[in-house]
Amino acid sequence: MTGITIRPLTRHDQGVWQFLWHEALVHFGADDTAFETMPVLWDRLLAPDEQLKGWLILWHGVAAGLAHVVLRLHTFSARPVGILEDLWISPPARRQGLAEACIAHLTHEGCAQGWIRLEWETEEDNLVAQALYDRMAAAVPVKRYKVDLI
């Protein structure tokens with residue numbers, strides 16, 4: 001995993017973040033609202049009082065991925081839970097260990113910041129990601145439900 005750097009987003013990263021996030025939105029078939037929300041999301045990622053944090057993943061000095069984590073309160077602990085909302089690796093940089101390095105980095109970051117845990121989800125058919133996740137974390141046997149409000 002040499003040549004990989006993971007660091008918090010800065011104002012100077014806006015252009016590369018927009019490129020990577022746009023790439024992710026297209027890949028996942030996001031609707032127009034997600035694209036229109038990009039400026040709001042960018043501002044939230046950099047606002048110190050927001051519970052949304054972002055990291056840039058560099059491969060040999062070039063922006064190759066991103067991660068977004070939401071910190072949320074937990075009813076069984078005074079410490080926050082880190083929810084890895086987004087982990088995107090640009091297709092040309094895949095299978096180079098970037099996702100694994102990012103999860104390891106966020107695990108260390110969470111320990112340093114006092115999170116109770118780091119958790120995430122993936123689509124049922126994303127078998128490539130699941131192979132990595134199964135090596136790095138314990139799967140939680142829950143079924144997730146949602147009610148769309150918009």
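Residues forming a ring-ring contact (aromatic ring centres under 6.0 Å, His included) with Trp59 (at least two apart in sequence, or on another chain): none. For Arg117, the salt bridge (charged side-chain N to carboxylate O under 4.0 Å, His left out) criterion is met by Glu119, not counting sequence neighbours. Not counting sequence neighbours, Gln18 has no partner by the side chain to side chain donor-acceptor pair (under 3.5 Å) test.
Here the CD1-CZ distance, from Ile89 to Arg95, works out to 12.0 Å after rounding to the nearest 0.5 Å. Rounding to the nearest 0.5 Å gives a distance of 8.0 Å between CD1 of Ile83 and CG of Leu118. Atoms CG and CD1, from Leu66 and Ile57 in turn, are 6.5 Å apart once rounded to the nearest 0.5 Å. Rounding to the nearest 0.5 Å places CD1 of Ile4 at 7.5 Å from NE2 of His60.
For the residue pair Pro80 and Gly114, the shortest heavy atom distance occurs at CD-O, 3.8 Å. Among all heavy-atom pairs drawn from Ala64 and Leu98, the shortest one is CB-CD2, 3.6 Å. Of all non-hydrogen atoms in Glu23 and Ser90, the two that sit nearest each other are OE1-OG, 2.8 Å. The two residues Val16 and Ala63 come nearest to each other via the heavy atoms CB-CB, 3.8 Å.
Ile116 is not connected to Trp120 by any chain of hydrophobic side-chain contacts under 4.5 Å among Ile, Leu, Val, Met, Phe, Trp and Tyr, and they are in different clusters. Val26 and Phe28 end up in the same hydrophobic cluster when Ile, Leu, Val, Met, Phe, Trp and Tyr side chains are linked at under 4.5 Å. Taking hydrophobic clusters as Ile, Leu, Val, Met, Phe, Trp and Tyr residues chained together by side-chain heavy-atom distances below 4.5 Å, Leu87 does not share a cluster with Val81. Leu84 is not connected to Trp88 by any chain of hydrophobic side-chain contacts under 4.5 Å among Ile, Leu, Val, Met, Phe, Trp and Tyr, and they are in different clusters. Leu9 is not connected to Ile6 by any chain of hydrophobic side-chain contacts under 4.5 Å among Ile, Leu, Val, Met, Phe, Trp and Tyr, and they are in different clusters.
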What side-chain donor-acceptor pairs closer than 3.5 Å can you find for residues 104-112, not counting sequence neighbours?
from: Thr107; atom 1: OG1; to: Ile103; atom 2: O; distance (Å): 2.8
from: Glu109; atom 1: OE2; to: Gln113; atom 2: NE2; distance (Å): 2.6

May I have the list of side-chain donor-acceptor pairs in residues 30-54 shorter than 3.5 Å, sequence neighbours left out?
from: Asp31; atom 1: OD1; to: Thr33; atom 2: N; distance (Å): 3.2
from: Asp31; atom 1: OD1; to: Ala34; atom 2: N; distance (Å): 3.3
from: Thr37; atom 1: OG1; to: Thr33; atom 2: O; distance (Å): 2.6
from: Lys53; atom 1: NZ; to: Glu50; atom 2: O; distance (Å): 2.7

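Listed by first then second residue, pairs satisfying side-chain hydrogen bond (donor to acceptor under 3.5 Å, both in side chains) with a partner in residues 6-17 read Arg7-Asp13, Thr10-Asp13, Trp17-His68, not counting sequence neighbours.
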